[in-house]
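One structure is given here, and the rest of the page talks about it.
Order of appearance sets the numbers: ligands from 1, and atoms from 1 within every ligand. Keep in mind that what you see is a predicted model, and the values were worked out from it rather than measured.
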Amino acid sequence: MSHLLNLGVLISGRGSNLQAIMDEIDRGEVAARILVVVSNEPEAYGLKRAEGGGIPSIVVNHREYESREAFEERLIEVLRDYGVELVVLAGFMRVLTSHFLKAFPMRVVNIHPALLPAFPGLGVQEKAVNYGVRFSGCTVHFVDEGVDAGPIIAQAVVPVFPTDTGDTLAERILRMEHRIYPKVIQWISEGRVRVEGRRVFVHGANFGEEIAFIEPVV
Ligand code: GRF
């Protein structure tokens, strides 16, 4: 069997992206395995999902560390102990500093529920609705020192309807999140992803169905 990419998934909450990745791995669509799930929130529902999938999970509660660096040091230790090759942020609500990123250079990915560089930060589905944009979506990107700022690997676009609220748009975007995140992990596992400066090239991926999904009316 070819090499399975060793993942560590970092969460803070619901964990629906974690679940989508677990499901695609189980379906044989993603050649990876999740070695450990780490949550900074002891009550994160995603911890139950990990348990349901027989995946070890660890809580690293940032409140118990005296500094961001000490918190990150512990994260690094756990991820290294498990032999993690790719760190997957899936609703992880702590900003990672260069201290952490140096331990996993270009080996940390994130999903964000907007079309970056529009609407970085929090509460962005509601912000997109209130701003009046006609399209929004989600972005999978490598993590660098900026917030929601690293090189973009894939994006999916969804329409924003006049009747939308932040919640209805979030739901529509989330369905696309669950499609593109596992795909990106599969590409990385196949060694098809190359980064040149800010630009990310995915060998052999389809534009329109893979790299830049456009979801018609739902
Ligand atoms: C998602 O909307 C993701 O884009 C954002 O946080 C949310 C996490 O949801 N970064 P879940 O915990 O994966 O269900």
A student checking ligand 1 against Pro113 at a 4.0 Å heavy-atom cut-off should list atoms 2 (O), 4 (O), 5 (C)
Establish whether Val200 and Leu116 are linked, either directly or via other cluster members, by ILVMFWY side-chain heavy-atom contacts under 4.5 Å.
-> no
Looking only at protein heavy atoms, what sits closest to atom 11 (P) of ligand 1 is Ser16 N, 3.3 Å
request  = Verify the distance criterion only: is there a donor paired with an acceptor across the side chains of His178 and Gln19 at less than 3.5 Å?
outcome  = no
On the 0 to 90° scale, with breaks at 30° and 60°, tag the Phe71-Phe92 ring pair as parallel, tilted or perpendicular.
parallel
- Looking only at distance, does Ile111 have an N or O less than 3.5 Å from an N or O of ligand 1? yes
The protein heavy atom nearest to atom 1 (C) of ligand 1 is Glu177 OE1, 3.1 Å
Greater than 12 external heavy atoms within 6.0 Å of Arg134's CZ:
no
query = Is the shortest side-chain N to carboxylate O distance from Glu43 to Lys48 below 4.0 Å?
reply = no
| Any N or O on Asn110 sitting closer than 3.5 Å to an N or O of ligand 1? | no
For atom 6 (O) of ligand 1, the closest protein heavy atom turns out to be Gly91 CA, 3.6 Å
- [ ] Check whether any N or O atom of Gly15, backbone or side chain, sits under 3.5 Å from an N or O atom of ligand 1, and answer yes or no.
- [x] yes
The remaining residues in the hydrophobic cluster of Leu122, counting side-chain heavy-atom contacts under 4.5 Å among Ile, Leu, Val, Met, Phe, Trp and Tyr, are Met93
heavy-atom search around atom 9 (O) of ligand 1 in the protein gives Arg14 NH2, 3.0 Å
